[in-house]
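Written below as structure tokens is the structure these notes are about.
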Amino acid sequence: MATFAATMPATGASPETSVRAGGDTSAEQPVTEKAAREALEVAKKIKRTQSVRGSRQVVPGRHVAGRPDATLALTDLWNAKDSLDGSGKAAARELLARPRAATQTCSDVVCVHYTPGKGGNRATVAYAAQVRDVVTKVHNVYVRSGYRKPAADQAVTPGKVDIYLENLYDEGYYGYCAPETKVSKTAATAYCVLDNDYAASEYGSMNTPTENLRVTAAHEYFHAVQFAYDAGEDRWLMESTATWVEDEVYDSINDNRQYLAYGQLEDQRKPLDNSNASNLGIYGNWIFFRYLSERFTKKRGDLPEVILGIWNRAPSTYSTAAIRKSLAARGTTLKTQYARFAAANLAPSKSYSEGRAYYPPVYDGRTVLRAKKQTVKGKHTLKHLTYASQRLVPKKVGKGWKLKVKVDVARPAANTAVVTVFRTDGTRGVYYLKPNKSGVASKTIKGFSSKRIRKVEVTFANASSNFKCGKGTAFSCRGVASPDKATHRWSAKVYR
């Protein structure tokens, strides 16, 4: 999203913006003074005044639960700084300032700045060289795959991206990047900060220090790439794709799996684009981009091309519109793919290449059906970019019985339904319903017996992704989905 706007504060409140409705995401739109002050207060929380040494992260990932993501907080402050008063601007400059370092080691694309030694913010010469090599590899993967190079500064190390090493554990972070100098209507230069050793005594033994370095470098450096497109993009797209790319660059580390419990694989009732600062779903929803990667497998260089297509469109629009346009270029729609994504999440082990390691599927309601003529019914009300599944389970049902599922889909232009039959032999049938203009569709399942059918899932997906922007929400373009909520009805008839 091309608007430079302030953060959603950690309290869950949302900033005010002046972006016009109808999708105007001009970077010239100002940030309100109130929103700028909120951004400043959030950014202050990332500094050492709140040491976390000795405490464990609730989720051993990018930041301590309850504290702001450093990259997002600094990015939001950078976007908002011009709306602050004099003292606020001075505080913002201090928070956004680069760390200090005594020396550097450089490749042809990056320079790693550090102070040699051990203890405090110091780093060993060997470790600094390792960081240089890891980040250079990550840079080359992204460039080979068609992504823009991070915009390099012209002052400290002209033409190269600067990486600083500090003891970030005391601040509760693995790493962060921050935009620095605006270079176009939407893009900015960036510098990044990584930990000075990722010592197991601090970060634990789930990953080795080298693995933590690699996965953090892949994640944070992708933020530097993103800033070269749009430093004001919707935060969910920034974090979900940065978490997605970790596993693309370093496939065997799998650090991002820890966030799946917070994304739509497990929490399908929270909108995909929920960018609230307290929502860890912005990390867990990398699974949506993994779904797209495995559905559209064409690669450019080392990475799936479909995500590149989204970022190529991001500077001129907001996140979900960029996704729609990227999918349209591949002859499909967000409505179609979101419904398929919802169905895929009912059977991760059969839908994803690494799905056996993912969380088990969840459902929104469960109804047991016995061997008698009966009709059951229900409804689900869904917000934009959410889905829900109703599970129908035969119990002591013999031969000759049938099940007729009927759905009444609200606003079928943006919403749809899927029926998935899970058989006892381990196979499944997935049926994407085609509602008529009134939203009605049905599917009859013959042989609805307990010996043949384990369960039937009726899934509704609300793929609404048009927004009235600038309404101060935590969703795409800080807008309101139009339309948003939809109530879907279903009925299931058992007969023979």
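Computed from heavy atoms alone, side chains included, the values below leave out hydrogens, waters and symmetry copies.
Within the 3.5 Å criterion, the main-chain N or O of Leu237 finds a donor-acceptor partner in the side chain of Thr241. Side-chain atoms of Gln226 come within 3.5 Å of backbone atoms of Met238 as a donor-acceptor pair (strictly under, hydrogens ignored). In this structure, Asn462 contributes its side chain and Leu382 its backbone to a donor-acceptor pair below 3.5 Å. Remark: side-chain polar atoms of Thr71 are paired, donor with acceptor, to backbone N or O of Cys177 under 3.5 angstrom. No donor-acceptor distance shorter than 3.5 angstrom exists from the side chain of Asn276 to the backbone of Ala474, with no hydrogens or angles considered. Under a 3.5 Å cut-off, the side chain of Ser438 and the backbone N or O of Val440 do not form any donor-acceptor pair. Between the side chain of Asn285 and the backbone N or O of Ser240 there is no donor-acceptor pair closer than 3.5 Å. Formation of a donor-acceptor pair under 3.5 Å by the Ser464 side chain with backbone atoms of Pro483 is found in this model. A side-chain donor-acceptor contact under 3.5 Å links Ser275 to the backbone of Trp236. The backbone N or O of Lys149 sits nowhere less than 3.5 Å from a side-chain atom of Tyr142 that would complete a donor-acceptor pair.
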Evaluate the side chain to side chain contact (heavy atoms under 4.5 Å, CB included) criterion for residues Arg324 and Ser465: first the C-alpha distance (whole Å), next the side-chain angles of each, then the deciding distance (0.1 Å), finally the verdict. CA-CA 8 Å; Arg324 285 204 314 268; Ser465 59; 3.1 Å; yes
Let's go through Tyr229 and Asn312 carefully: what are the C-alpha distance in whole Å and the side-chain angles of both, what is the deciding distance for side chain to side chain contact (heavy atoms under 4.5 Å, CB included) to 0.1 Å, and is it a yes or a no? CA-CA 7 Å; Tyr229 289 90; Asn312 282 340; 3.5 Å; yes
I'd like to know whether Ile287 forms a side chain to side chain contact (heavy atoms under 4.5 Å, CB included) with Phe341, so could you lay out the CA-CA distance, the side-chain angles of the two residues, the decisive distance to 0.1 Å, and finally the verdict. CA-CA 9 Å; Ile287 190 65; Phe341 167 68; 4.0 Å; yes
For Asp273 and Ser476, what are the C-alpha separation, side-chain angles and deciding distance, and is it a side-chain hydrogen bond (donor to acceptor under 3.5 Å, both in side chains)? CA-CA 6 Å; Asp273 64 335; Ser476 297; 2.7 Å; yes
Show your reasoning for whether side-chain hydrogen bond (donor to acceptor under 3.5 Å, both in side chains) applies to Asp230 and Thr186. CA-CA 5 Å; Asp230 185 358; Thr186 62; 4.8 Å; no
Dump the intermediate steps for salt bridge (Lys or Arg N to Asp or Glu O under 4.0 Å) on Asp69 and Arg235, then the final yes or no. CA-CA 10 Å; Asp69 179 287; Arg235 59 170 62 221; over 6 Å; no
Output, in order, the C-alpha distance, side-chain angles, deciding distance and verdict of side chain to side chain contact (heavy atoms under 4.5 Å, CB included) for Thr367 and Gln390. CA-CA 8 Å; Thr367 302; Gln390 179 70 36; 3.0 Å; yes
Step by step, work out the side-chain hydrogen bond (donor to acceptor under 3.5 Å, both in side chains) result for Ser107 and Thr136. CA-CA 7 Å; Ser107 69; Thr136 298; 2.8 Å; yes
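Summarising the geometry of Arg214 relative to Tyr250, their closest heavy-atom pair is O-CE1, 3.4 Å, with the distance given to 0.1 Å. Between Leu165 and Ala123, the closest heavy-atom pair is CD1-CB, 3.8 Å. Closest of all the heavy-atom pairs between Ala481 and Phe467 is N-CD2, 3.4 Å.
Judged as a ring pair (Phe, Tyr, Trp, His ring centres under 6.0 Å), not a single pair has a partner in residues 397-433 (not counting sequence neighbours). Each side-chain hydrogen bond (donor to acceptor under 3.5 Å, both in side chains) pair with one or both residues in residues 368-378, not counting sequence neighbours, would appear here, but there are none. Every pair passing side-chain hydrogen bond (donor to acceptor under 3.5 Å, both in side chains) that includes a residue from residues 342-361 is listed here, sequence neighbours excluded: Arg257-Glu354, Arg290-Tyr358, Glu294-Ser353, Asn345-Tyr352, Asn345-Tyr387, Ser351-Arg428. The side-chain hydrogen bond (donor to acceptor under 3.5 Å, both in side chains) pairs that include a residue from residues 332-344 are Gln264-Tyr338, Tyr291-Gln337, Thr332-Gln337, Thr333-Thr336, where partners are two or more places apart or lie in different chains. The list of side-chain hydrogen bond (donor to acceptor under 3.5 Å, both in side chains) pairs with a residue in residues 439-450, not counting sequence neighbours, is empty.
In the model, Asp408 has no side-chain atom that pairs as donor or acceptor with a side-chain atom of His488 under 3.5 Å.
Side-chain contact between Leu303 and Leu308 is absent, with no heavy-atom pair separated by less than 4.5 Å. Residues Asn466 and His384 form no side-chain contact, since every pair of their non-hydrogen atoms from C-beta on lies 4.5 Å or further apart. Counting only heavy atoms from C-beta outward, the side chains of Arg269 and Asp364 approach each other to under 4.5 Å. The shortest distance between side-chain heavy atoms of Glu202 and Asp197 falls below 4.5 Å. With contacts defined as side-chain heavy-atom distances shorter than 4.5 Å, the pair Ser293/Trp244 qualifies. Contact of the Tyr198 side chain with the Tyr174 side chain is registered, since non-hydrogen atoms from C-beta on lie closer than 4.5 Å. Within the 4.5 Å cutoff, side-chain heavy atoms of Leu292 are placed close to those of Leu327. Contact annotation: the side chain of Leu369 never approaches that of Val393 to less than 4.5 Å [non-hydrogen atoms, C-beta and beyond].
In this structure, Lys404 places its NZ atom where only 12 or fewer heavy-atom neighbours from other residues, nucleotides or ligands lie under 6.0 Å away. Dense packing is recorded around CZ of Arg330, with more than 12 heavy atoms of other residues, nucleotides or ligands lying under 6.0 Å away.
Side-chain rings of Tyr147 and Phe222 approach one another, their centers coming within less than 6.0 Å. Aromatic ring centres of His223 and Tyr176: separated by at least 6.0 Å. A ring-centre distance under 6.0 Å is not found for Trp311 and Phe289.
Looking at residues two or more places apart in sequence or on another chain, you find a salt bridge (charged side-chain N to carboxylate O under 4.0 Å, His left out) between Lys298 and Glu305. Residues satisfying the salt bridge (charged side-chain N to carboxylate O under 4.0 Å, His left out) test with Arg423, not counting sequence neighbours, are none. A search for side chain to side chain contact (heavy atoms under 4.5 Å, CB included) contacts involving Thr487 returns Lys379, Thr381, Arg489, not counting sequence neighbours. Lys325 pairs by the side chain to side chain contact (heavy atoms under 4.5 Å, CB included) definition with Arg313, Thr317, not counting sequence neighbours. For Asp267, the salt bridge (charged side-chain N to carboxylate O under 4.0 Å, His left out) partners two or more places apart in sequence, or in a different chain, are Lys270. In this structure, the side-chain hydrogen bond (donor to acceptor under 3.5 Å, both in side chains) partners of Asp302, at least two apart in sequence or on a different chain, are Arg144. Here Asp133 pairs with nothing under the salt bridge (charged side-chain N to carboxylate O under 4.0 Å, His left out) rule; sequence neighbours left out.
Applying side-chain hydrogen bond (donor to acceptor under 3.5 Å, both in side chains) to Tyr203 and the options Asp195, Thr208, Thr216, Asn212 leaves one that passes, Asp195.
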